Amino acid sequence: MHYGETRPEILKHNPFKAIIAPRPIGWIGTLDPGGQANLAPYSFFNGIGSNPDMVMFSSEGAKHSATYARERGEFTFSLATEALAQQMNITSAPEPSGVIEFDLAGLEQGAPIVIQTPFVAASPAALECVTLDVRQLSDRHGTLLERFLVIGEVVRTHIRDEFITDGRFDTVAARPIARMGYADYATVTEAWQMGRPKR
Ligand SMILES: Cc1cc2nc3c(=O)[nH]c(=O)nc-3n(C[C@H](O)[C@H](O)[C@H](O)COP(=O)(O)O)c2cc1C
């Protein structure tokens, strides 16, 4: 099977997100114009470089997170984990501005060091980010889309001490969750090793 713009009927839903899977979930904290905390998950999220560490998330529509990340020039990332899955989902509700999703989900706000935006205190790891760029995406014809790509540089990294084992962040112990297609999620439950080829 292959297709372009017109999907075969057998594929009731676009399988794109099920193919580009698993996707890490950027649990994005921002501050609204009144200084109230905003929190929402974004699975069009990834790290895009290291030293300096950089991340991106992409908003389908001009949602609060991308808007506030541009206006305030900063945002936070918190790692979404199995233990925090229900809370993460609660924060995805389309709440009006002024609703503090941290409170809605019963989440304590972690205190940032460099920027003003809080993160999820209970998360095993969180990143304070300075917004570098917010780009409105265009399609191949040059037509502007309601898609906003936010790029940030990490200025502070928070790790809960219990997730450091032998000097490493213990990803498996954190049990991060990732988004797949439809209503499917994946959990990181094991790791395996493979060395890079040597010349
Ligand atoms: C696991 C998960 C991943 C999501 N990923 C995205 C995404 O990548 N882009 C997007 O626009 N919305 C995504 N959403 C939906 C947003 O979280 C939702 O629209 C939310 O209300 C946006 O909040 P905000 O307006 O405060 O930014 C996702 C929802 C869930 C549950």
Side-chain angles (χ1 to χ4, degrees), residues 13-48 54-107 109-110 112 115-120 122-129 131 133-139 144-152 174-189:
H13 304 283
N14 185 351
F16 177 69
K17 292 178 180 176
I19 295 169
I20 310 296
R23 298 184 308 288
I25 298 171
W27 208 359
I28 304 298
T30 47
L31 288 179
D32 76 10
Q36 301 269 45
N38 183 76
L39 182 67
Y42 283 77
S43 68
F44 286 135
F45 168 87
N46 223 314
I48 55 167
M54 288 164 71
V55 298
M56 68 90 196
F57 69 93
S58 175
S59 184
E60 298 195 287
K63 297 181 182 178
H64 290 150
S65 302
T67 305
Y68 301 159
R70 188 187 58 229
E71 289 173 358
R72 286 261 174 185
E74 59 177 60
F75 62 92
T76 58
F77 156 92
S78 298
L79 186 67
T81 61
E82 196 173 57
L84 295 167
Q86 297 307 321
Q87 290 93 323
M88 180 281 296
N89 200 30
I90 289 169
T91 66
S92 76
E95 300 294 342
S97 190
V99 171
I100 303 173
E101 287 89 357
F102 281 91
D103 297 347
L104 213 60
L107 292 165
Q109 298 183 18
I115 63 174
Q116 307 295 312
T117 308
F119 52 89
V120 176
S123 176
L127 307 171
E128 297 180 36
C129 305
T131 307
D133 198 8
V134 180
R135 279 189 54 187
Q136 185 169 6
L137 302 181
S138 308
D139 68 11
L144 272 182
L145 305 170
E146 282 295 295
R147 301 282 181 271
F148 301 87
L149 179 68
V150 182
I151 297 174
R175 295 180 78 89
I177 53 171
R179 193 76 174 90
M180 301 202 288
Y182 318 107
D184 295 343
Y185 287 81
T187 306
V188 176
T189 57

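Both counts, for ligands and for their atoms, begin at 1 and track the order of listing. For clarity, every value in this text was computed on a predicted model and none was experimentally measured. Quick note: numbers below take in every heavy atom, side chains included, and nothing from hydrogens, waters or symmetry partners.
For atom 11 (O) of ligand 1, the nearest non-hydrogen atom of the protein is Glu60 N, 2.7 Å. Scanning the protein for heavy atoms near atom 22 (C) of ligand 1, the closest one is Tyr42 OH, 3.5 Å. Residue, atom and distance of the protein heavy atom nearest to atom 15 (C) of ligand 1 are Lys63 NZ, 3.7 Å. With respect to atom 8 (O) of ligand 1, the closest heavy atom belonging to the protein is Phe44 N, 2.8 Å. For atom 26 (O) of ligand 1, the closest non-hydrogen atom of the protein is Asn38 ND2, 2.9 Å. Counting only heavy atoms of the protein, atom 23 (O) of ligand 1 lies nearest to Ala40 CB, 3.2 Å. What sits closest to atom 3 (C) of ligand 1 on the protein, heavy atoms only, is Ser43 N, 3.6 Å.
Applying the side chain to side chain donor-acceptor pair (under 3.5 Å) criterion to Gln109, with sequence neighbours excluded, gives no partner residue.
Interface of Arg179 with ligand 1, defined as ligand atoms under 4.0 Å from a residue heavy atom, comprises 1 (C). Counting the atoms of ligand 1 from 1 in the order shown, those under 4.0 Å from a heavy atom of Ser65 are 24 (P), 26 (O), 27 (O).
For ligand 1, the polar-atom distance check finds an N/O of His64 within less than 3.5 Å of one of the ligand's N/O atoms. Considering backbone and side-chain atoms alike, Tyr185 places every N or O at 3.5 Å or more from each N or O of ligand 1.
In terms of modelled atom types and a separation under 3.5 Å, the side chain of Ser59 and the main chain of Gly61 share a donor-acceptor contact. Judged by distance alone, the side chain of Thr131 and the main-chain N or O of Ala69 form a donor-acceptor pair under 3.5 Å. Although no hydrogens or angles enter the test, the distance criterion places a donor-acceptor pair under 3.5 Å between the side chain of Gln136 and the main chain of Leu145. Side-chain N or O atoms of Glu101 include none that pairs as donor or acceptor with a backbone N or O of Thr91 at under 3.5 Å.
Considering Tyr68, Phe57, Phe119 as possible partners of Phe75, the one that fulfils the ring pair (Phe, Tyr, Trp, His ring centres under 6.0 Å) test is Phe57.
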Ser123 and Trp27: CA distance, side-chain angles, deciding distance, side-chain hydrogen bond (donor to acceptor under 3.5 Å, both in side chains) verdict: CA-CA 10 Å; Ser123 176; Trp27 208 359; over 6 Å; no
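Listed here is the closest heavy atom pair of Leu107 and Leu84: CD2-CD2, 4.1 Å.
Note that Arg23 lies outside the cation-pi zone of Phe45, set by a 6.0 Å cut-off to the ring centre and a 45° limit from the axis.
With Ser58, Ala66, Ser59, Ala183 as candidates, the residue nearest to atom 9 (N) of ligand 1 on a non-hydrogen basis is Ser58. Comparing Ser92, Pro41, Ser97, Ala178 by heavy-atom distance to atom 4 (C) of ligand 1, the nearest is Pro41.
At a 4.0 Å cut-off, at least one heavy atom of Ala93 sits close enough to ligand 1 to count as contact. Using a non-hydrogen distance threshold of 4.0 Å, Pro94 registers as a contact of ligand 1.
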